[in-house]
Chemist: 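Below are the structure tokens for one structure; questions will follow.
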Amino acid sequence: MKMNSIFTFFTPKDKKFQPLFEQAGSNVLKIAEALLVVVTTTDLERRKEAIKEVERLEHVGDDITHTIFIELSKNFITPFDREDIHTLASAIDDIADYIHASAGNIELYQVTNIGDAMVKLAELLVEMCSDLEKAIKELRSFKNIRVIADACVRINSAENQADYVCNLAIARLFEFETNAIELIKQKEVLQTLEIATDKCEDAANVLESILVKNA
Amino acid sequence: MKMNSIFTFFTPKDKKFQPLFEQAGSNVLKIAEALLVVVTTTDLERRKEAIKEVERLEHVGDDITHTIFIELSKNFITPFDREDIHTLASAIDDIADYIHASAGNIELYQVTNIGDAMVKLAELLVEMCSDLEKAIKELRSFKNIRVIADACVRINSAENQADYVCNLAIARLFEFETNAIELIKQKEVLQTLEIATDKCEDAANVLESILVKNA
Amino acid sequence: MKMNSIFTFFTPKDKKFQPLFEQAGSNVLKIAEALLVVVTTTDLERRKEAIKEVERLEHVGDDITHTIFIELSKNFITPFDREDIHTLASAIDDIADYIHASAGNIELYQVTNIGDAMVKLAELLVEMCSDLEKAIKELRSFKNIRVIADACVRINSAENQADYVCNLAIARLFEFETNAIELIKQKEVLQTLEIATDKCEDAANVLESILVKNA
């Protein structure tokens, strides 16, 4: 017996949370894409603009998260468990925050040496956020839950890759970088990107939990 | 419909949580004030005493948090949503922890060069904790919710300022500090202070959520 | 009145969560023991194997945590509050993660200088995880709750010791270590170990909360 099932016939077709989560999913994908521009462009002016775009989108994401939390406070009846809505919204918000922090650190620390590992991590983040966006859209109909399950598997695998890429890059820093201040800069940007991939996995875990509960 | 409303007529006037939260609010303000002494005094003996005071008050705060959690375990009926009580108590505890950690690091790392940014962050923390304390007192009567709403707005704005101050100071460190070990010390104290301001914002967000639910 | 009590007569003798938590408890103790080998052996080959063992056990722990979360999604009725099950499983998972991270960093950063503080922290972690394992076993019968209470007290005291050991070691680093890169390595391993002890305390706090609710 699930508590929610008692209330199921009261639940109107959700018109509040689903659109907000779709906005959040599409926004976090845009942030990841802007980050990829930050780390792949060699045009410093374009990098600066892309960092500004990351920042702008992070504010948009903040507003979406805030609206989800306010709706959660106002509504007793929700399409999914309240805790899942809260955790999913928080995880997406965290992805945006850590992408924002890593782009911000690139500017703040004036990181000029952007290596392959940072590019690879940004590419993985684009893939993961694209999977997240697709999975979130599927929550609307729940007709093709395979899409959600597959996205979760791919996100988990990408997170493992991100771990590997980040660890290898940091091991190399400790082996070859003799300038401690440069090492600090590089290490912090890499680790912040890696935490962003962890948060993608957190989001995937909530989606999996929603699947299990509603399958 | 809210689940809680079913039980409203069972709820005795809360005599447990409100006094505990008021103690927690007043204690965290005292900690912030002691931190301000730590970073503004030039008398090393007085700084040492102020660090000890931060430590003592952090223990007092731990006891208050612990009592709130025990009461939460013992009572099914609470004046606000259980999750809000838990999150608010945790956020206030976190503010105290991070202020304690930054004061502790100043001693541990023997940071002697306390710049304007650290002082400004400590001042912002005093402002934010003072607003928190006021807002928490208003929870008692819920008569003047404007006070709570205004405090939340001011805390959010102070957090933005803290971000800016911290980022600027760290950018300057990377630009001008050539001693890596000194850079590590300064950066960690600044970032710990900044996290303390984030936790003030978390506390304000819970207060806002309580407002929305009970307005 | 407790919500759960309404459902008590529905609750079958728990056959799902208790065995999973016992597995998690026994696994995290094995991880701590493997970590102790990592930091005490002087045989580099044996250290490498012990690090691999930590990694292997961390994956085992991940699977246990995952199973607990899936069971939590599938079952409305649980032996303890859902939030306590979630928090306890997460805390044990975090202990494993941070032990894994510290062993991983020793390898990744090629830390060769493993001092007394790291050994002491690993010993404390073995003690704490051993207490956790004992306390978790007692949840099965709830006959001898003194065992749980005592374990929680010892874990809290060990966490205080860990704090002290870690802080002293870091203070010494800042006083005597002139190589900034070596300082970064040592500091990060020490702090990661210390966070693992914090997570043991989090687990003990949930156990205490379960005690209070079910006493």
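Note on naming: letters A, B, ... go to the chains in the order of the sequence lines (proteins, then strands), and numbering restarts at 1 for each one.
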Chemist: Going through the distances and angles, do C:S90 and C:T65 end up as a side-chain contact (heavy atoms from CB on, under 4.5 Å)?
Modeler: CA-CA 7 Å; C:S90 301; C:T65 313; 5.9 Å; no

Chemist: In Å, rounded to the nearest 0.5 Å, how long is the span from CD of C:Q18 to CD of C:Q23?
Modeler: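 Going from the CD atom of C:Q18 to the CD atom of C:Q23 covers 11.0 Å.
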
Chemist: Kindly say whether B:D63 contributes a backbone atom to a donor-acceptor pair with the side chain of B:T67 at under 3.5 angstrom?
Modeler: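 Confirmed, B:T67 side chain pairs with B:D63 backbone.
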
Chemist: Residues of residues 187-207 of chain C under 4.5 Å from chain B (heavy atom pairs)?
Modeler: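 From residues 187-207 of chain C, the residues near chain B are C:K187, C:Q191.
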
Chemist: To the nearest 0.5 Å, what is the distance between CD1 on B:I64 and CD1 on B:I68?
Modeler: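 The distance works out to 7.0 Å.
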
Chemist: Run through C:L88, C:L139, C:T78 and flag the one making a side-chain contact (heavy atoms from CB on, under 4.5 Å) with C:F17.
Modeler: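 Answer to the side-chain contact (heavy atoms from CB on, under 4.5 Å) test with C:F17 among C:L88, C:L139, C:T78: C:T78.
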
Chemist: Identify the residues of residues 97-109 of chain B whose heavy atoms come closer than 4.5 Å to a heavy atom of chain C, ordered by number, or report 'none'.
Modeler: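 So the qualifying residues are B:L108, B:Y109.
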
Chemist: Verify, without hydrogens or angle tests, whether C:N75 (side chain) and C:E71 (backbone) share a donor-acceptor contact under 3.5 angstrom.
Modeler: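 Yes, C:N75 side chain to C:E71 backbone: donor-acceptor pair under 3.5 Å.
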
Chemist: Tell me, side chain or backbone of B:H66 under 4.5 Å from chain C's heavy atoms, or both, or neither?
Modeler: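 Only the side chain of B:H66 comes within 4.5 Å of chain C.
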
Chemist: If the threshold is 4.0 Å, N to carboxylate O, is there a salt bridge linking C:K213 and C:E83?
Modeler: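 A salt bridge links C:K213 with C:E83.
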
Chemist: Give the minimum heavy-atom separation between B:F69 and B:A89, together with the two atoms involved.
Modeler: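 Looks like CE2-CB, 3.9 Å.
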
Chemist: Can you list the residues of residues 26-45 of chain B that sit under 4.5 Å from chain C, counting heavy atoms only?
Modeler: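 Checking residues 26-45 of chain B against chain C gives no residue, so none.
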
Chemist: Are the side chain of C:Q186 and the backbone N or O of C:N113 linked by a donor-acceptor pair below 3.5 Å?
Modeler: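 Between the backbone of C:N113 and the side chain of C:Q186 there is a qualifying donor-acceptor contact (under 3.5 Å).
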
Chemist: Would B:E55 and B:K52 pass as an ion pair if we require N to O under 4.0 Å?
Modeler: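 Salt bridge between B:E55 and B:K52, a charged N being under 4.0 Å from a carboxylate O: no.
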
Chemist: Non-hydrogen contacts under 4.5 angstrom with chain B: give the residues of residues 150-177 of chain C involved, or none if there are none.
Modeler: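 Listed by number, the contacting residues are C:N167, C:I170, C:A171, C:F174, C:E175, C:E177.
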
Chemist: Atom CG in B:L132, atom CG in B:L125: separation rounded to 0.5 Å?
Modeler: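 Output value for this atom pair is 10.0 Å.
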
Chemist: Are the side chain of C:D84 and the backbone of C:F80 linked by a donor-acceptor contact shorter than 3.5 Å?
Modeler: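 Side chain of C:D84 to backbone of C:F80: no pair is present.
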
Chemist: Please classify the contact between B:I184 and chain C as side chain, backbone, both or neither, with a heavy-atom cut-off of under 4.5 Å.
Modeler: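 For B:I184, the side chain is the part near chain C, not the backbone.
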
Chemist: Return the minimal non-hydrogen interatomic distance between C:I136 and C:G25, and the atom names on each side.
Modeler: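 Minimum heavy-atom contact is CD1-CA, 4.1 Å.
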
Chemist: Show the nearest heavy-atom pair for residues B:E22 and B:R140, with the distance to one decimal.
Modeler: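 So the two residues come closest at OE2-NE, 2.9 Å.
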
Chemist: Report the distance from atom CD1 of C:I148 to atom CG of C:L211, rounding to the nearest 0.5 Å.
Modeler: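 Answer for the CD1-CG pair, C:I148 versus C:L211, is 4.5 Å.
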
Chemist: So does C:K134 pair up with C:E138, basic N to acidic O under 4.0 Å?
Modeler: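 The answer is no: the pair does not qualify as a salt bridge.
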
Chemist: Name the residue from C:L72, C:I77, C:T87 that meets the side-chain contact (heavy atoms from CB on, under 4.5 Å) definition with C:R82.
Modeler: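 The passing option is C:L72.
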
